[in-house]
Amino acid sequence: MNIAIGSDHAGFELKDYIKNILVQMGHNVEDVGTDGLGSVDYPDFGIEVAWLVSEGKVEKGILVCGTGIGMGIVANKVKGIRASLVYDLYTAIQSRKHLDANILVLGGRVTGKGLAEEIVKTWLTTSFEGGRHKKRIEKIEAWEKEHLK
Ligand code: RB5
């Protein structure tokens, strides 16, 4: 799968850890940065990953900042993005099954590496259930079509 990944300084270490796991799993990873622990602004990286997903350049995105909140806010500004801030396995599963989330957001200062690894693997392998959930997503898409460029 083609996956874009990005973080700010607070998410950098977890982003790098996840990136290595994804590569080992055979995924094609596009890393938009950041590349170190120096202070940067999460919107710069969040928008870039969201745009790659929105434009269909990659199938899914993963974003990491300190809490995950900033990355979630910024990614969800982009048309077609359903970014889900996930802190446990239940929300990882539900974000795929019911929301068909296309971006996974993690908090590097909240979630440890072991749990993050399980979340990523679960999130990537859980399918959207469709049915009544599809109709709800179509309502979001209809609103986006009418109100967003
Ligand atoms: C950076 O210090 C921090 O504010 C940021 O990573 C994030 O937690 C925002 O949601």
Side-chain angles (χ1 to χ4, degrees), residues 1-8 10-12 14-15 17-34 41-149:
M1 190 187 293
N2 292 326
I3 301 170
I5 191 165
S7 75
D8 68 356
F12 169 70
L14 186 57
K15 188 255 294 174
Y17 182 77
I18 291 167
K19 179 182 163 182
N20 287 331
I21 290 165
L22 294 174
V23 170
Q24 279 169 27
M25 288 169 74
H27 294 292
N28 182 32
V29 182
E30 183 162 348
D31 184 356
V32 307
T34 188
D41 301 327
Y42 63 82
D44 296 335
F45 304 92
I47 285 288
E48 204 169 329
V49 166
W51 193 245
L52 287 168
V53 175
S54 175
E55 291 285 290
K57 301 268 185 343
V58 294
E59 220 173 299
K60 289 199 167 63
I62 298 178
L63 287 168
V64 193
C65 62
T67 59
I69 297 170
M71 284 297 197
I73 288 172
V74 72
N76 278 314
K77 301 285 179 201
V78 178
K79 194 173 184 177
I81 294 305
R82 293 179 299 281
S84 294
L85 174 54
V86 166
Y87 286 156
D88 53 39
L89 288 178
Y90 181 71
T91 49
I93 292 166
Q94 292 306 112
S95 75
R96 289 289 312 130
K97 269 183 164 178
H98 288 192
L99 289 313
D100 198 16
N102 48 17
I103 293 186
L104 169 67
V105 188
L106 295 166
R109 291 173 176 163
V110 182
T111 302
K113 286 177 180 164
L115 177 57
E117 181 172 344
E118 292 307 315
I119 287 173
V120 167
K121 287 178 175 168
T122 301
W123 190 80
L124 287 173
T125 52
T126 303
S127 301
F128 179 49
E129 269 181 7
R132 67 185 190 280
H133 307 296
K134 186 166 183 281
K135 179 190 75 180
R136 292 163 187 165
I137 287 170
E138 282 166 358
K139 287 192 175 186
I140 299 172
E141 289 170 343
W143 187 91
E144 286 181 328
K145 206 171 166 194
E146 199 179 328
H147 297 283
L148 303 183
K149 270 201 276 178

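- Rounding to the nearest 0.5 angstrom, the gap separating the CG atom in D88 from the OG1 atom in T111 is 8.5 Å.
- Residues passing the side-chain hydrogen bond (donor to acceptor under 3.5 Å, both in side chains) test with Q24: none are found, sequence neighbours excluded.
- Closest approach of A75 to L63, counting heavy atoms only: CB-CD1, 3.9 Å.
- Within the model, atoms CG of L89 and OG1 of T122 stand 5.0 Å from one another, a figure rounded to the nearest 0.5 Å.
- Nearest heavy atoms, R96 versus A101: NH1-O, 2.9 Å.
- Interatomic distance, I3 CD1 to I18 CD1, rounded to the nearest 0.5 Å: 10.5 Å.
- Annotation: salt bridge (charged side-chain N to carboxylate O under 4.0 Å, His left out) contacts involving residues 140-149, sequence neighbours excluded, comprise R82-E141.
- What you find for D8 and C65 is that their closest heavy atoms are OD1-CA, 3.2 Å.
- Considering NZ of K121 and CG of L22, their distance stands at 9.5 Å, rounded to 0.5 Å.
- For the pair S95 (side chain) and A92 (backbone), a donor-acceptor distance under 3.5 Å is present.
- N28 meets the side-chain contact (heavy atoms from CB on, under 4.5 Å) test with N2; sequence neighbours excluded.
- Counting heavy atoms from C-beta outward, Y87 and T67 have side chains that approach closer than 4.5 Å.
- Looking at V105 and V64, their side chains never come closer than 4.5 Å, going by heavy atoms from C-beta outward.
- Considering every non-hydrogen atom in both L52 and A4, the closest pair reads CD1-CB, 3.8 Å.
- Taking CG of L99 as the reference point, atom CZ of R136 lies at 10.0 Å (rounded to 0.5 Å).
- By the 4.0 Å N-to-carboxylate-O rule, K113 lies too far from E117 to be salt-bridged with it.
- Under the side-chain hydrogen bond (donor to acceptor under 3.5 Å, both in side chains) criterion, H133 pairs with H98, not counting sequence neighbours.
- Sorted by first then second residue, the side chain to side chain donor-acceptor pair (under 3.5 Å) pairs that include residues 42-66, not counting sequence neighbours, number zero.
- When all heavy atoms of F45 and V32 are compared, the pair lying nearest together is CD2-O, 3.5 Å.
- A heavy-atom distance below 4.5 Å is not found between the side chains of R109 and L14.
- Going from atom CD1 of I81 over to atom CG of N76 covers 8.0 Å, rounded to the nearest 0.5 Å.
- No side-chain heavy atom of V78 sits less than 4.5 Å from a side-chain heavy atom of L148.
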Checking I21 against V120 for the side chain to side chain contact (heavy atoms under 4.5 Å, CB included) test, could you report, in this order, the C-alpha distance in whole Å, the side-chain angles of both residues, the deciding distance, and whether it holds? CA-CA 9 Å; I21 290 165; V120 167; 5.6 Å; no
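- Shortest non-hydrogen contact noted between I62 and V49 is N-CG1, 4.3 Å.
- Looking only at distances, no side-chain donor or acceptor of S84 sits under 3.5 Å from a matching main-chain atom of V86.
- Applying the side-chain hydrogen bond (donor to acceptor under 3.5 Å, both in side chains) rule to D31 yields the partners K15, K19; only residues at least two apart in sequence or on another chain are considered.
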